[in-house]
Amino acid sequence: MSMRIDYNKVAPAGIKALGGVYGYITQSGLSAQLVELVYLRISQINGCAYCLDSHTRSLLKMGVKVEKLAVLQVWREAEALFDAEERAALTWAETVTRVAETAIPDADYQVAREVFNEKQLVDLTIAIGLMNTYNRIAIGFRNPPQAVVEHSAAAA
């Protein structure tokens with residue numbers, strides 16, 4: 001797989017604007033580990049290799065156990081590994097990411113509202129939208145994951 005367009009070079013102002021949203025999320029008060037976990041789950045849903053690699057690396061650096069990351073895709077079957085905030089955030093991330101299928105049911109909203117206040121839920125939703133945008137850019141333009149770049153460099 002080769003990169004179709006280097007979007008960082010072609011539209012730096014647009015990518016910088018997305019970075020501004022990313023910066024907002026990092027200072028929003030949401031836990032960095034929670035946000036990264038949500039980003040990873042969204043990237044699993046969307047099948048973004050670049051983001052899967054990036055967020056897995058970040059979570060490992062944050063000290064999240066590999067066993068937890070290994071079952072994230074089926075977290076409901078291993079929900080004992082996830083606290084109430086993580087379960088609510090993952091539920092919300094999945095339903096918002098799949099909005100065309102889910103129409104975001106009241107039950108999912110209630111799960112999230114039991115854990116998050118209004119500002120937290122809005123910020124979480126902004127983070128979800130941002131990651132969905134990043135996934136679409138990385139997938140659309142075939143941004144290779146760091147692991148592939150490192151492997152290619154080592155093989156050369």
Side-chain angles (χ1 to χ4, degrees), residues 1-79 81-83 85-102 104 108 112 120-156:
M1 174 174 85
S2 60
M3 189 174 222
R4 291 174 171 166
I5 296 174
D6 184 344
Y7 48 85
N8 289 299
K9 288 183 182 173
V10 173
I15 299 303
K16 184 178 179 181
L18 291 174
V21 176
Y22 181 83
Y24 170 79
I25 295 303
T26 63
Q27 63 80 41
S28 70
L30 292 171
S31 153
Q33 185 172 309
L34 178 73
V35 171
E36 284 292 323
L37 196 65
V38 164
Y39 286 168
L40 180 58
R41 181 65 191 114
I42 292 165
S43 299
Q44 288 174 335
I45 292 167
N46 291 326
C48 182
Y50 176 83
C51 294
L52 286 168
D53 181 70
S54 174
H55 300 297
T56 298
R57 289 171 187 262
S58 293
L59 286 159
L60 289 169
K61 284 180 188 172
M62 291 177 179
V64 176
K65 295 191 181 292
V66 71
E67 295 83 3
K68 187 172 187 173
L69 299 179
V71 297
L72 179 60
Q73 194 163 354
V74 291
W75 66 269
R76 285 181 177 86
E77 294 178 34
E79 66 180 31
L81 296 175
F82 300 88
D83 65 30
E85 187 177 61
E86 291 169 333
R87 291 191 305 269
L90 292 169
T91 297
W92 190 245
E94 289 175 354
T95 198
V96 170
T97 296
R98 295 179 172 133
V99 65
E101 300 164 29
T102 68
I104 309 178
D108 290 346
Q120 290 170 322
L121 190 54
V122 171
D123 288 345
L124 180 60
T125 307
I126 291 169
I128 293 164
L130 177 66
M131 187 48 47
N132 275 289
T133 298
Y134 277 138
N135 286 170
R136 281 148 179 79
I137 291 170
I139 294 167
F141 298 119
R142 303 290 191 258
N143 193 0
Q146 183 179 340
V148 170
V149 173
E150 290 169 354
H151 176 76
S152 297

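Below, each value reflects all heavy atoms present in this structure, side chains not excepted, and no hydrogens, waters or symmetry copies.
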Q.
Test your reading of the model: is there a side-chain donor-acceptor pair from T56 to the backbone of D53, 3.5 Å cut-off?
A. no
Q: Please round to the nearest 0.5 Å and tell me the distance separating atom CD1 of I25 and atom CD1 of I128.
A: 9.5 Å
Q | Heavy-atom side-chain contact between V21 and I126 under 4.5 Å | A | yes
Q: Identify the two heavy atoms, one from A112 and one from A88, that lie closest to each other, and give their separation to 0.1 Å.
A: CA-CB, 4.2 Å
Q. Under 4.5 Å between any side-chain heavy atoms of Q146 and S54, yes or no?
A. no
Q | Close side-chain approach of V96 and L124, heavy atoms under 4.5 Å | A | no
Q: Kindly check if the number of other-residue, nucleotide or ligand heavy atoms within 6.0 Å of CD (Q27) is above 12?
A: yes
Q. Is the shortest side-chain N to carboxylate O distance from K68 to E86 below 4.0 Å?
A. yes
Q | Positive for side-chain hydrogen bond (donor to acceptor under 3.5 Å, both in side chains) with E36, one of R57, H55, K61 | A | H55
Q | Minimum heavy-atom distance between P144 and Y50, given as atom pair plus value | A | O-CD1, 3.2 Å
Q) Taking all non-hydrogen atoms of both residues, which atom of R76 and which atom of E94 are closest, and how far apart? A) NH1-OE1, 2.6 Å
Q: State the CG-CZ distance between L69 and R41, to the nearest 0.5 angstrom.
A: 12.5 Å
Q.
Name the residue from N135, N132, T102 that meets the side chain to side chain contact (heavy atoms under 4.5 Å, CB included) definition with T97.
A. N132
Q) Side chains of D108 and T91: is there a donor and an acceptor less than 3.5 Å apart? A) no
Q. Roughly how far apart are Q73 CD and I45 CD1, rounded to 0.5 Å?
A. 8.5 Å
Q | Heavy-atom pair with the smallest gap, counting every atom of V38 and A89 | A | CG2-CB, 3.7 Å
**Q.** Nearest atoms (heavy-atom pairs only) where G140 meets R4
**A.** O-NH1, 2.8 Å
(Q) Do L81 and W75 make a side-chain contact, defined as non-hydrogen atoms from C-beta onward lying under 4.5 Å apart? (A) no
**Q.** Spatial distance of atom CD (E67) from atom CG (L72) [nearest 0.5 Å]
**A.** 13.5 Å
Q: Name the orientation class of the two ring planes belonging to Y134 and Y22 (parallel below 30°, tilted from 30 to 60°, perpendicular beyond 60°).
A: perpendicular
(Q) side chain to side chain contact (heavy atoms under 4.5 Å, CB included) for F82 and L37? Distances and angles first, verdict last. (A) CA-CA 10 Å; F82 300 88; L37 196 65; 4.1 Å; yes
Q: Working to the nearest 0.5 Å, report the span between CG of N46 and CZ of R136.
A: 4.5 Å
Q.
Which heavy atom of L59 sits nearest to which heavy atom of L40, and what is that distance?
A. CD1-CD2, 3.7 Å
Q. Do Y24 and L130 touch side chain to side chain, with heavy atoms closer than 4.5 Å?
A. no
Q | Separation between SG of C48 and CD1 of I139, rounded to the nearest 0.5 Å | A | 4.5 Å
